[in-house]
J.: 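Please see the structure below; I have some questions.
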Amino acid sequence: MWRYLPRTNSRLLAVAVALLAAFYAVLAGGFALSLMRQPVGLLLAPLFALLAWGMWSLTRFARWVTVIWLWVMVLVLPVGVFTSSAESQPPGGSPYWGSLLAGITPLVVLGLFFIYVLGKHKREFKWP
């Protein structure tokens, strides 16, 4: 099984890079499939396909873009969820803050995990 993953010195990095590349490939496919409804996919589909290839081949540019986007997600996602829930009140009252926290915690933890792995093994990424 390990021979199908990117060639790295760390198996953890190989699995993390493969997961990120698969995520980018799914995003590229999703944008490509919705071209008729949203023409912005004409720009975003090749971008995410390039990032998927870049992560699989361990390029530094793809790593930098991924780390920046992960930090934005980790910092902005909790702020966005809690400020939007304070402004928009549903008919039954505001949602419980614990359920909001439980909903975003896995995404934030996953983002921090990928930031840690990509930061720890940054020497394995190369310029194209």
J.: Parallel, tilted or perpendicular, judged at 30° and 60°: which one describes the rings of Trp69 and Tyr24?
T.: perpendicular
J.: For Ala28 and Ala49, which heavy atoms make the closest approach, and how far apart are they?
T.: CB-N, 3.6 Å
J.: Just wondering, do Val17 and Thr8 contact through their side chains at under 4.5 Å, heavy atoms?
T.: no
J.: Any idea which heavy atoms bring Val108 and Pro78 closest together, and the distance?
T.: CG2-CG, 4.0 Å
J.: Return the minimal non-hydrogen interatomic distance between Ala102 and Pro106, and the atom names on each side.
T.: O-CD, 3.3 Å
J.: If I take atom CG from residue Asn9 and atom CD from residue Glu124, how far apart are they, to the nearest 0.5 angstrom?
T.: 4.5 Å
J.: Is Gln38 reaching over with its side chain to a backbone N or O of Phe31, donor-acceptor style, under 3.5 angstrom?
T.: no
J.: Would a 4.5 Å heavy-atom cut-off, applied to side chains only, mark Thr59 and Phe125 as touching?
T.: no
J.: State yes or no: do Leu12 and Leu112 share one hydrophobic cluster built from I, L, V, M, F, W and Y residues joined by side-chain heavy-atom distances below 4.5 Å, directly or via other members?
T.: yes
J.: If you group Ile, Leu, Val, Met, Phe, Trp and Tyr by side-chain heavy-atom gaps below 4.5 Å, do Trp71 and Val65 land in one group?
T.: yes
J.: Shared ILVMFWY cluster between Leu19 and Leu27, side chains joined below 4.5 angstrom?
T.: yes
J.: Between Met55 and Leu110, is there shared hydrophobic-cluster membership here, with clusters defined by ILVMFWY side-chain heavy atoms closer than 4.5 Å?
T.: yes
J.: Please confirm whether the backbone N or O of Leu118 pairs with a side-chain atom of Arg63, one donor and one acceptor, at under 3.5 Å?
T.: yes
J.: So which heavy atom on Ala62 is nearest to which on Gly54, and how close?
T.: CB-C, 3.6 Å
J.: Answer whether the closest heavy-atom distance between the side chains of Val109 and Phe113 falls below 4.5 Å.
T.: no
J.: Decide whether Leu20 and Leu5 are clustered together by the hydrophobic rule: side chain heavy atoms of Ile, Leu, Val, Met, Phe, Trp, Tyr closer than 4.5 Å, transitively.
T.: yes
J.: What are the two closest heavy atoms between Leu35 and Leu42, and how far apart are they?
T.: CD2-N, 3.1 Å
J.: Give a yes or no on whether the backbone of Ser57 and the side-chain of Lys126 come within a donor-acceptor separation of less than 3.5 Å.
T.: yes
J.: Specify the closest pair of heavy atoms between Pro46 and Gly41, including all atoms of both residues, with the distance to one decimal.
T.: CD-O, 3.9 Å
J.: Does Phe114 have any ring-ring contact (aromatic ring centres under 6.0 Å, His included) partners at least two apart in sequence or in another chain, and if so, which?
T.: none
J.: How would you list, by chain and number, every residue that makes a side-chain contact (heavy atoms from CB on, under 4.5 Å) with Ala22, sequence neighbours excluded?
T.: none
J.: With side-chain contact (heavy atoms from CB on, under 4.5 Å) as the test, would you mind laying out the steps for Leu70 and Thr66 before giving the verdict?
T.: CA-CA 6 Å; Leu70 286 171; Thr66 302; 3.9 Å; yes
